[in-house]
Amino acid sequence: MHNPYKQAVIMTIDIESKVIEAKNASISLSSVSTAIKNKALENMADALGKNRDMILEANKKDLEMAGKMLQENKLSQALVDRLKVDDNKIDSMIAGIKDVIKLNDPTGETLQCLELDKGLVLYKVSCPIGLIGVIFESRPDVVPQVMSLCLKSGNATIFKGGSEALYSNRTIFNILKDAIKNTEGIPEEAFQLMETREEVMDILSFDDYIDLLIPRGSNAFVKYIQENTKIPVLGHADGICHVYVDNEADLEKAVDVCFDSKVQYPAVCNAMETMLVHSGIAGEFLPAMLKKFAESGVELRLDEMSMDIARKEAISAKNATDEDWYTEYNDLILSVKIVGDMREAIDHINKYGSHHTDAIVTENQQKMKDFAALVDSSSVMINASTRFADGFRYGKGAEVGISTNKIHARGPVGMEGLVIYKYILIGNGDKVADYSGPGAKSYTHNELNSKIEYVL
């Protein structure tokens with residue numbers, strides 16, 4: 001007789017064994033040399049190029065299934081858009097890995113050297129976090145992005161992708177893992193792929209093994225991860241980004257920044273969702289700006305004052321509700337509000353925003369400084385599109401995600417968010433007893449410009 005409970009137990013044991021394998025391999029991976037890691041990355045980039053047709057064929061299967069799920073309202077258009085892989089995206093995957101090769105190895109760096117006393121020296125040295133769990137929806141390019149960054153930083157990785165990208169994820173992962181197998185010195189067990197829905201809950205429960213979770217997906221998805229695990233989570237739930245157009249803005253710049261922030265790629269977390277416009281230039285700026293958005297298929301949701309302008313210009317729009325200010329659309333939808341001054345714009349952003357990415361368009365230097373200081377977001381743009389908030393564009397090679405956390409890592413996170421540090425004290429039979437009681441020796445605490453002599 002079929003016993004579903006027994007089957008579930010067997011599956012959990014199998015998943016746990018994979019996680020333990022990866023955890024054990026993370027120890028070996030942490031001490032692999034930079035040269036060997038770079039060789040593995042070169043093999044990974046070459047393998048993607050050689051197996052391009054295989055990737056496209058796998059993605060075609062996923063897109064066919066995703067199209068049916070979209071029609072049945074089981075999948076959003078945003079997820080379908082993120083799922084698509086073409087030659088350009090494969091080229092970007094390869095370029096991302098090659099950029100990681102060029103980056104400095106972040107591990108084994110001496111961050112600080114402090115002489116506690118003569119012959120007693122304390123080193124603060126960067127090291128890998130250990131085992132990273134990456135749980136993501138839709139985007140197959142997450143696999144090469146994150147695997148390359150984790151490998152270069154010496155971290156083992158557990159991947160769990162969404163079922164909508166099953167064939168794409170499996171194909172890309174296997175291509176990359178085969179490339180790693182062909183690199184002597186890299187433990188292949190360090191990278192594991194999970195595929196079933198049940199495995200998500202198991203991964204969330206493995207706080208004894210997994211050191212950090214990185215979720216990539218919708219608001220609800222990330223919130224679910226954050227609320228159902230004891231493992232530290234690096235990421236953000238919402239991407240409610242704003243552009244504030246000041247009364248001292250260059251309006252040509254404002255048109256370019258606002259249009260790019262919304263239309264260039266609306267299905268991502270760094271796209272603008274709310275445009276705030278100073279009342280002093282609204283009458284001059286909004287007619288042409290709203291028309292440009294409307295002609296590009298953007299659905300407009302306007303406050304009362306901007307609605308009055310839209311009506312005069314015969315521009316179709318809906319009335320914005322309070323809920324719109326809290327909404328991440330991930331689509332060609334934009335809410336617009338007219339504000340009295342920059343302070344009102346800042347208050348609106350800090351109240352309704354998600355602390356992700358927000359921008360100001362102005363020519364006033366003091367306003368630039370004040371906006372950057374007072375807006376509590378992980379990225380603040382001045383006269384530039386919110387879409388620049390990205391690990392690749394920030395020169396990180398690629399990114400493991402964007403974090404709105406205020407501890408460890410914030411903003412687009414590259415390899416610097418995948419390392420932590422340890423303290424290494426080197427002495428010569430020193431004992432604390434010599435530094436306590438009558439006649440105790442004193443600590444010197446002198447900063448030294450010295451590096452530890454071996455890589456950890």
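These numbers come from the heavy atoms of this one structure, side chains and all, not from hydrogens, waters or symmetry mates. For the single chain, residues carry numbers from 1 onward in sequence order.
- Within the 4.5 Å cutoff, no side-chain heavy atoms of Val121 are placed close to those of Ser450.
- Here salt bridge (Lys or Arg N to Asp or Glu O under 4.0 Å) pairs that include residues 260-271, with residues two or more places apart or in two chains, are Lys262-Glu273.
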Checklist line | Verdict with supporting geometry, Lys160 and Phe136, side chain to side chain contact (heavy atoms under 4.5 Å, CB included) | finding: CA-CA 6 Å; Lys160 172 62 183 82; Phe136 60 103; 6.0 Å; no
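- Scored by the side-chain contact (heavy atoms from CB on, under 4.5 Å) test, Thr274 finds His242, Leu276, Trp325, Ser335, His348 as partners (sequence neighbours excluded).
- Scored by the side-chain contact (heavy atoms from CB on, under 4.5 Å) test, Leu204 finds Ile135, Val200, Met201, Leu213, Tyr224, Ile225, Asn228, Thr229 as partners (sequence neighbours excluded).
- Here the side chains of Val243 and Val361 are in contact, with some heavy-atom distance below 4.5 Å.
- A side-chain N or O of Ser385 and one of Ser261 form a donor-acceptor pair less than 3.5 Å apart.
- Asp376 places no side-chain N or O within 3.5 Å of a backbone atom of Asn350 that could act as its donor or acceptor partner.
- For the ring-ring contact (aromatic ring centres under 6.0 Å, His included) test, residues two or more places apart in sequence or in another chain that qualify with Tyr421 are Tyr423.
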Next item on the list: Could you check Thr362 against Asp246 for side chain to side chain donor-acceptor pair (under 3.5 Å), going step by step and ending with a plain yes or no?
Entry: CA-CA 5 Å; Thr362 187; Asp246 185 53; 2.9 Å; yes
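- Looking at Asn38, Ile36, Val32 one by one, the single match for side chain to side chain contact (heavy atoms under 4.5 Å, CB included) with Thr34 turns out to be Asn38.
- Of the possible donor and acceptor atoms, none in the side chain of Thr157 sits under 3.5 Å from a partner among the backbone N and O of Phe191.
- Scanning for salt bridge (charged side-chain N to carboxylate O under 4.0 Å, His left out) contacts around Asp303 gives an empty result, with sequence neighbours left out.
- Cation-pi check for Lys61 over Tyr167 is met; the charged atom lies under 6.0 angstrom from the ring centroid and within 45 degrees of its normal.
- The aromatic rings of Phe159 and Phe173 lie perpendicular to each other, with more than 60° between the two planes, well past the 30° mark.
- For Glu72, the side chain to side chain donor-acceptor pair (under 3.5 Å) test picks out Lys74, with sequence neighbours left out.
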Next item on the list: Evaluate the criterion side chain to side chain contact (heavy atoms under 4.5 Å, CB included) for residue pair Asn383 and Met368; output intermediate values, then yes/no.
Entry: CA-CA 9 Å; Asn383 294 329; Met368 293 178 189; 3.6 Å; yes
Next item on the list: Take Asn449 and Cys113 through the test side chain to side chain contact (heavy atoms under 4.5 Å, CB included) and record every step on the way to the result.
Entry: CA-CA 7 Å; Asn449 185 20; Cys113 180; over 6 Å; no
Next item on the list: Assess whether side chain to side chain contact (heavy atoms under 4.5 Å, CB included) is satisfied between Arg216 and Val222, documenting all intermediate values.
Entry: CA-CA 7 Å; Arg216 301 275 294 267; Val222 176; over 6 Å; no
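- The side-chain heavy atoms of Val19 and Ile210, taken from C-beta on, include a pair separated by under 4.5 Å.
- Taking a cutoff of 4.0 Å between a charged side-chain nitrogen and a carboxylate oxygen, Glu299 and Arg301 qualify as a salt bridge.
- In this structure, the side chains of Met342 and Ile360 come closer than 4.5 Å at one or more pairs of heavy atoms.
- With sequence neighbours left out, Pro287 forms a side-chain contact (heavy atoms from CB on, under 4.5 Å) with Ile309, Glu313.
- Using a 4.0 Å cut-off between charged nitrogen and carboxylate oxygen, Arg311 and Asp308 count as a salt-bridge pair.
- Distance alone, capped at 3.5 Å, is enough to place a donor-acceptor pair between the Lys152 side chain and the Val100 backbone.
- When each of Lys291, Met305, Met275 is paired with Leu286, the side chain to side chain contact (heavy atoms under 4.5 Å, CB included) condition holds for Met275 and for no other.
- Partners of Phe388 by ring-ring contact (aromatic ring centres under 6.0 Å, His included), not counting sequence neighbours: none found.
- Contact record, Ile94 with Ala45: CG1-O, 3.8 Å, taken as the closest heavy-atom pair.
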Next item on the list: Give the C-alpha distance, both sets of side-chain angles, the deciding distance and a yes or no for side chain to side chain donor-acceptor pair (under 3.5 Å) between Asp238 and Tyr326.
Entry: CA-CA 9 Å; Asp238 300 307; Tyr326 287 108; over 6 Å; no
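- Looking at Ser138, its side chain does come within 3.5 Å of a backbone N or O of Leu83 through a donor-acceptor pair.
- In this structure, the salt bridge (charged side-chain N to carboxylate O under 4.0 Å, His left out) partners of Glu248, at least two apart in sequence or on a different chain, are Lys367.
- No hydrogens or angles considered: nothing links the side chains of Asn364 and Gln366 as a donor-acceptor pair under 3.5 Å.
- In this structure, the side chain of Asn405 does not engage the main chain of Ile407 through any donor-acceptor pair within 3.5 Å.
- When only modelled atom types and interatomic distance are considered, Tyr352 and Asp322 share a side-chain donor-acceptor pair under 3.5 Å.
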Next item on the list: Under the side chain to side chain donor-acceptor pair (under 3.5 Å) rule, what do Asn270 and Arg387 come out as? Steps first, then yes or no, please.
Entry: CA-CA 5 Å; Asn270 57 14; Arg387 289 280 292 114; 2.9 Å; yes
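- Residue pairs meeting the salt bridge (Lys or Arg N to Asp or Glu O under 4.0 Å) criterion with at least one partner in residues 46-60, sequence neighbours excluded, are Arg52-Asp87, Arg52-Asp91.
- With sequence neighbours left out, Lys39 forms a side chain to side chain donor-acceptor pair (under 3.5 Å) with no residue at all.
- Checked against ring-ring contact (aromatic ring centres under 6.0 Å, His included), His355 has no partners two or more places apart in sequence or in another chain.
- Here the side chain of Asn51 pairs no donor or acceptor atom with the backbone of Met54 at under 3.5 angstrom.
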